[in-house]
Number of protein chains: 2
Amino acid sequence: MFSIGEVSKRTGVKVPTIRYYEEMGLISPSERSDGNQRRYSRGDVERLTFIRHARDLGFEIDRIRELIALSHHPQAPCDGADRIASAHLAEVRQKIDQLKRLEAELERIVSHCGGHTVEDCYVIRALSDHGLCEHEH
Amino acid sequence: MFSIGEVSKRTGVKVPTIRYYEEMGLISPSERSDGNQRRYSRGDVERLTFIRHARDLGFEIDRIRELIALSHHPQAPCDGADRIASAHLAEVRQKIDQLKRLEAELERIVSHCGGHTVEDCYVIRALSDHGLCEHEH
DNA sequence: ATAATCCCTCCAGTGACTAGAGGTTCAAGA
DNA sequence: TCTTGAACCTCTAGTCACTGGAGGGATTAT
């Protein structure tokens, strides 16, 4: 049995975050000490590692809750997990595209900043006048 | 003079958001009607367009406040605006890199999902076992 | 005059934490 | 066994950029 501090060290998840995940219904300690402190099993640590990993990959708490539920039915078909991950991948790709468009716009704005005063600074002008933009956004 | 609803239509910024920006100190209406309703000038509308545009490009409220302050000193050197925009561009690029790494990882996880049951589903296994990952994250 | 629409303020909720106050428990050393 | 200090507990509030709703007043068109 591990204290919350030990679990935090093992998983890299901060102590208040572990408590937050508990409140969100992702994990709860297997036991409590006589003095009401959380005590985690090895299984709990594994589960928190799973959560951490999924968060690192950008899965939302709700999606993680679903993935945990799925993992509790090892004989169920895995379409569910696959669908969640694929949907997430699509979101990530969309986000990348969006950011690339921003990048291009910002690049253009920054590189054009030829002026020496704010008055003729392209950065300020481009922000004031949408007409200077190449794409809609 | 425009009502908040008209301004909203002209700029595409939602009414509660305009009020929120006011609370944040980005704009305030030039006047109030006798009945205490907000009345905006043409200049106010331009300013809100500036804000909207900057937000679309991902600038934070605080950065926008700085840009507005700069735009009020047209004779000042424009290094400030340039620096803010360049820093933002760097952030955007970093975010893109990060998301690309996620994309690669998720691609790998999803494409490997060969199993039919959760038990041997790569998605679940990859999340449980960090060792299956290619990169640190 | 009245109805419909708009506007006002204030409060609460979102997501995923993070930080602090004020108090209790635990583990290790004397 | 006692003490000390670190770690723990709960509860509340703050972050960012909004969004939505309640309950009531203002404006506008007919």
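Because the structure is predicted, anything quoted here is derived from the model rather than measured. The basis for the numbers below is simple: all heavy atoms, side chains too, and nothing from hydrogens, waters or symmetry mates.
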Subject >> Cluster overlap A:V15 with A:M24, hydrophobic side-chain contacts below 4.5 Å >> reply: yes
**OP:** Given salt bridge (charged side-chain N to carboxylate O under 4.0 Å, His left out), test B:E103 with B:R108 step by step and report yes or no.
**Re:** CA-CA 8 Å; B:E103 187 192 16; B:R108 228 171 40 79; over 6 Å; no
Subject >> Residue mapping more 5' on DNA chain D - nearest nucleotide basis, B:S33 or A:N36 >> reply: A:N36
Nearest to the side chain of [X], heavy atoms from C-beta on, is which of [options]?
{"X": "B:R39", "options": "C:dC17, D:dT27, D:dT19", "result": "D:dT27"}
{"X": "B:R38", "options": "C:dC26, D:dC8, C:dT9", "result": "C:dT9"}
{"X": "B:Y20", "options": "C:dT9, C:dT18, D:dA17", "result": "D:dA17"}
{"X": "A:I61", "options": "C:dT9, D:dT10, C:dC17", "result": "C:dC17"}

Subject >> B:E60 and B:R63 ion-paired at < 4.0 Å >> reply: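 Answer for the salt bridge query: yes.
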Subject >> Criterion salt bridge (charged side-chain N to carboxylate O under 4.0 Å, His left out) on A:D97 and A:R101, from CA distance to verdict >> reply: CA-CA 6 Å; A:D97 285 353; A:R101 265 177 276 128; 5.4 Å; no
Report the distance from atom [atom1] of [X] to atom [atom2] of [N], rounded to the nearest whole Å.
{"X": "A:Y40", "N": "D:dC8", "atom1": "OH", "atom2": "P", "answer": "10 Å"}
{"X": "A:Q37", "N": "D:dA7", "atom1": "CD", "atom2": "C1'", "answer": "7 Å"}
{"X": "A:R19", "N": "D:dA13", "atom1": "CZ", "atom2": "C1'", "answer": "16 Å"}
{"X": "A:E23", "N": "C:dG15", "atom1": "CD", "atom2": "P", "answer": "13 Å"}
{"X": "B:E22", "N": "D:dT19", "atom1": "CD", "atom2": "P", "answer": "17 Å"}
{"X": "B:I27", "N": "D:dA17", "atom1": "CD1", "atom2": "P", "answer": "15 Å"}
{"X": "A:D34", "N": "C:dT25", "atom1": "CG", "atom2": "P", "answer": "10 Å"}
{"X": "B:R55", "N": "D:dC16", "atom1": "CZ", "atom2": "C1'", "answer": "9 Å"}

Has [X] got a side-chain N or O lying under 4.0 Å from the OP1 or OP2 atom of [N]?
{"X": "B:T17", "N": "D:dT19", "answer": "yes"}
{"X": "A:S3", "N": "D:dA7", "answer": "no"}
{"X": "B:K14", "N": "D:dT19", "answer": "yes"}

**OP:** Report the C-alpha separation of B:E22 and B:R32 in whole Å, then their side-chain angles, then the decisive distance to 0.1 Å, and conclude whether the salt bridge (charged side-chain N to carboxylate O under 4.0 Å, His left out) test is met.
**Re:** CA-CA 13 Å; B:E22 181 176 341; B:R32 290 271 183 156; 3.7 Å; yes
